[in-house]
2 protein chains.
Amino acid sequence: MRRTPVGRQTRARGIPEATVARLPLYLRALTALSERSVPTVSSEELAAAAGVNSAKLRKDFSYLGSYGTRGVGYDVEYLVYQISRELGLTQDWPVVIVGIGNLGHALANYGGFASRGFRVAALLDADPAVVGSSAAGLPVRHMDELESIVESQQVSIGVITTPPGAAQQVCDRLVEAGVTSILNFAPTVLTVPDGVDVRKVDLSIELQILAFHEQRKAGEEPESGRGEESVLDRAPGPVRAAAAKLRRAAGGAKDAKDGKAESGKAEAAKGQGAKAQGARAEQPRGESERSAVMPA
Amino acid sequence: MRRTPVGRQTRARGIPEATVARLPLYLRALTALSERSVPTVSSEELAAAAGVNSAKLRKDFSYLGSYGTRGVGYDVEYLVYQISRELGLTQDWPVVIVGIGNLGHALANYGGFASRGFRVAALLDADPAVVGSSAAGLPVRHMDELESIVESQQVSIGVITTPPGAAQQVCDRLVEAGVTSILNFAPTVLTVPDGVDVRKVDLSIELQILAFHEQRKAGEEPESGRGEESVLDRAPGPVRAAAAKLRRAAGGAKDAKDGKAESGKAEAAKGQGAKAQGARAEQPRGESERSAVMPA
DNA sequence: TAGATTGTTAATCGATTAACAATC
DNA sequence: TAGATTGTTAATCGATTAACAATC
């Protein structure tokens, strides 16, 4: 099902996802320049302000069209408008926020929304104790009103800030009512029909990624054996098979779970405390590491 | 400065970033299985639970080692532990949260932290009205204490939930005090020295990306000319040059800014309201679109 | 042994980057 | 004209995916 190329390249429909994800960064940087009444900006300057490299920025802009002037740079105002239009921010997007806990409150108050064409059409919650209170100057309404609000206000974007257990159900109702884009803050994988977009923001995942890199920093100085396979996994077939079997045999789930981080080297590593900035927090992982931490 | 390959492939140091970013997803799915005491899981099942495809999952796991058993699947408990260890979650990570507004509160209360080895070491705020109050059972302390807390508690991860204007300054202090990983919720590009990791969570950017796709859905049905270059931009050099010059000449910044979305077709499009789910919200973008929306 | 499932290969796709001709 | 800067090319890198041999 290839699209028919129009000229050299089809272009018409396809702005790469990676580029789309950076457009808001450019837009923010440009808006700041605009507020300072800066008339033009070079790819080099703008890239620095947006935190990307200039080749990437120019490539990104090339997907939108030729909006710059060689030898001069880009007209700030013109570019603000073009990017806004490309992102769909020149129209008004009513949004519902479902789940008005701390995070829902934070979002309702978030300044970056209104300034970008997003308008909070309603705040919804299932808890009668919360319904009727107000956040960011808007009343919190009951979930029962979800369908009527989405329909009457033509809401196409929903934000889910409920507890994880409620997220899928809320999602289903939103979709059923006509919402086709969902921003999900609940730590749940949502299932949606084709044609519905879901984006996920997960606070804990971001921290986990940081922890991964932080851990690497700690043991970094020499080319330590960190991350190397164990001998078992490099061994010829039968040995590996035996090792795997052993691992599987090791635990009737629950038992193994409780003991998982509390035996052998794992315990030792844990006891050494966090951080250890610039110092080796754990001994370089040795050959028998992997088997040593197996549930006993 | 290439690393010396050990065998076929160096492997030791390099788990691809894309894989690292998915490990927390697998971990979450596995934790759920573990709580249901499911002993083993196939790549197909686990992939479905994590919302990825199974080939990708197997490829991801292959970077960690050979933890599965052919014909059987993966041992849930064992895999939970291996991924936790790989991510650095078997150690304790004290974290400071700076800026205790709604979002700071939400994070302080976020359950996903504690369960993953993250421990809130302190909540900090600059506002005397907030200092002394408590959130999630912890006292909010004054920014003045930042350095002493980071140093005494060996904090290596900082979370910034301040207003954008304060973010860089807070970041500088965190880094100076010894923090080497920062999770930034403020809509600001942070500058940090080498060796410091910054990850950014931007609520407004996610919504903007959704709006982009939502906009596409609305005008989707026929292969409309949407996104096509204007004749001017496809025209031979001199004409394009003239067009660009015209654009640049169009506005002494402020003037252009005020008028930017308020003239010609842009205004018309804006007036048509949001959504238009399944119906063409805007007329198919025509040839002269781009010039029509230029600041007049 | 037969059925199931992993781990790996290789092809493909998409994103990044440096370099530079085109053009102001 | 000379200096500056864009827009594009092409090389490179990294991620995804289907397919399947290896192995339980």
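Per chain, numbering begins at 1; letters A, B, ... match sequence-line order.
The CD-C1' distance, from B:Glu44 to D:dA19, rounds to 14 Å in whole Å. The OH atom of B:Tyr74 sits 12 Å away from the P atom of C:dT5 (whole-angstrom rounding). The interatomic distance linking B:Lys56 (NZ) with C:dT12 (P) rounds to 19 Å, in whole Å. Distance CZ (B:Arg22) to C1' (D:dG14): 12 Å, rounded to an integer number of Å. Spacing between atom CZ of B:Arg58 and atom C1' of D:dT16 amounts to 13 Å, rounded to whole angstrom units. Going from atom CG of A:Leu57 over to atom P of D:dG7 covers 10 Å, rounded to whole Å. The CG-P distance, from B:Asp75 to C:dT6, rounds to 13 Å in whole Å. The separation between A:Leu46 atom CG and D:dA4 atom P is 20 Å, rounded to whole Å.
Ring centroid separation for the pair A:Tyr67 and A:Tyr78 comes in under the 6.0 Å cut-off.
Judged by Watson-Crick or G-U wobble contacts below 3.5 Å, the nucleotide D:dA18 has C:dT9 as its partner. Base-pair partner of C:dA4: D:dT23 (Watson-Crick or G-U wobble, both distances under 3.5 Å).
Nearest to the side chain of A:Ser43, among D:dT6, C:dA15, C:dT6, sits D:dT6.
Between A:Gly71 and A:Thr19, the residue anchored closer to the 5' end of DNA chain C is A:Thr19, taking for each the nucleotide with the nearest heavy atom. Where A:Lys59 and B:Asn53 meet DNA chain D, the nucleotide closest to each residue was compared, and A:Lys59 sits on the side nearer the 5' end.
Only one option out of A:Leu183, A:Leu87, A:Leu89 pairs with B:Leu207 in a side-chain contact (heavy atoms from CB on, under 4.5 Å); it is A:Leu183. Looking at B:Tyr81, B:Tyr26, B:Phe61 one by one, the single match for ring pair (Phe, Tyr, Trp, His ring centres under 6.0 Å) with B:Tyr74 turns out to be B:Phe61.
Interface remark: the A:Arg70 side chain does not form any donor-acceptor pair with the D:dT5 base, using a distance-only criterion of under 3.5 Å.
Remark: A:Glu86 engages B:Arg216 in a salt bridge, criterion side-chain N to carboxylate O under 4.0 Å.
Contact annotation for B:Ala55: base contact, defined as any heavy-atom pair under 4.0 Å involving a base atom.
A distance of 7.5 Å separates OG1 in A:Thr40 from CD in A:Glu45, rounded to the nearest 0.5 Å.
The phosphate of C:dT5 has neither OP1 nor OP2 within less than 4.0 Å of any side-chain N or O from B:Ser42.
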